[in-house]
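Right, one structure below, let's go through it.
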Amino acid sequence: MAIQLISNSDDLMQMNNQETGLEIEIKNPPQDLIQFIGSCPRFIIAGHKEPDGDCIGSQLALRSALERLGKEVVLCSAGPFKRTEVQSYAGQFVTIPKDENTVDAKVIIIDCSDKERTGSIKEFLDKFPCAVIDHHIAVNHSESTPQQPVYIDENSPSCTLLVYKLIKALNLELTKEEATLLFFGLSTDNGFFRHLTEKNSVVFDAAKEMVLRGEKKKKIYNSIYGGKSLDSRILLGHILLRTESYFDGKLLLSYETLEDFKKYGIENRDSDILNQLMLSIKGVQVFLTIRQECEDNCAVSFRSVDAINVAKVASIFGGGGHKNASGLTMKGDISFVKQKMLEAFSSVFTD
Ligand SMILES: [Mn+2]
């Protein structure tokens, strides 16, 4: 038994679940999207810049399904493919496709609802009718229409789960390759099932099918968590040693300097293991990393546990993401950004 939520509000969602103890239902694909796919023989499937396993897994699995329906598909990404687990897929993507591959094409954007997040390919994508499939909290997305179908469900733990539902809605059975790619994306975004709750049994039902049909799970686990460099562990050491504690240990903060960035690059970042280590500390509710990526700009990443909604804090500064995982960029150096972040969180922890 499940309830269909009619509100996008996180707070209402939590209240409903606390009161009823029922499942969160993941939305089904809108008919607009099914028709959008049916009406066109050629698609450009694009994702966000700096793609992760969920983005790549969704794009590749959807391409496979659309090709089985007889469509021509080209995969676009602005890159860079820095994460170790996605590097082997880079050769299947282009930045801008050849003209002959885009005649009368339609675009499907995956794992981001803000076109800016597609990076350098945004202007190219703007020339085509465009659908969106995403699971991030979208502040200003439009209603689904036949010209611009929108399939967004922030309750979905991964974009691959929405692609899974779409493949089903297209009356296709998963192939082994699709099941593997969908599981790869699902387990990337939910930290190999660490971030789910007992309310997510619907997710396990989908995962069960992916597991039964796909590759060995140990292989997928190793492709996500193995293959790291020694430098990535040394960088982790630097970041751990700089950790500062605020609000009686409820918020931990650390930072990566411009020197770290130049020396180790983003390919040696391993945010997943860093966040996991910090959030496992007793009493910690928020972990915040500030990364100075150029002289006057920092990227900030938030992770939280339980009720703290870090997407709300990120949105104050024009950022976004999920309730327990969000981020933003801000002009300024580390000490300036740190000050702004502590001010923002002081109201969270003193309310
Ligand atoms: Mn995702």
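Positions are given from 1 along the sequence. In each ligand, atom 1 is the first atom listed, and ligand 1 is the first ligand listed. Just so it is clear, the structure is predicted and the values come from calculations on it, not from any experiment. Values below: every heavy atom of this structure, side chains too, minus hydrogens, waters and symmetry copies.
Aromatic pair Phe204/Phe193: centroids less than 6.0 angstrom apart.
Classification of the Phe81-Phe93 ring pair by plane angle, with boundaries at 30° and 60°, yields tilted. By the 30° and 60° cut-offs, the orientation of the rings of Phe36 relative to Phe43 is tilted.
Put simply, the residue from Phe287, Phe302, Phe247 that forms a ring-ring contact (aromatic ring centres under 6.0 Å, His included) with Phe345 is Phe302.
Considering just the N/O/S atoms of Asp111, the one nearest the Mn ion (ligand 1) carries the name OD1. Nearest N/O/S atom of Asp54 with respect to the Mn ion (ligand 1) is recorded as OD2.
Backbone or side-chain N, O or S atoms of Asp52 do not reach the Mn ion (ligand 1) at under 2.8 Å.
An angle of 80° is found at the Mn ion (ligand 1) between Asp189 atom OD2 and His135 atom NE2, rounded to 10°.
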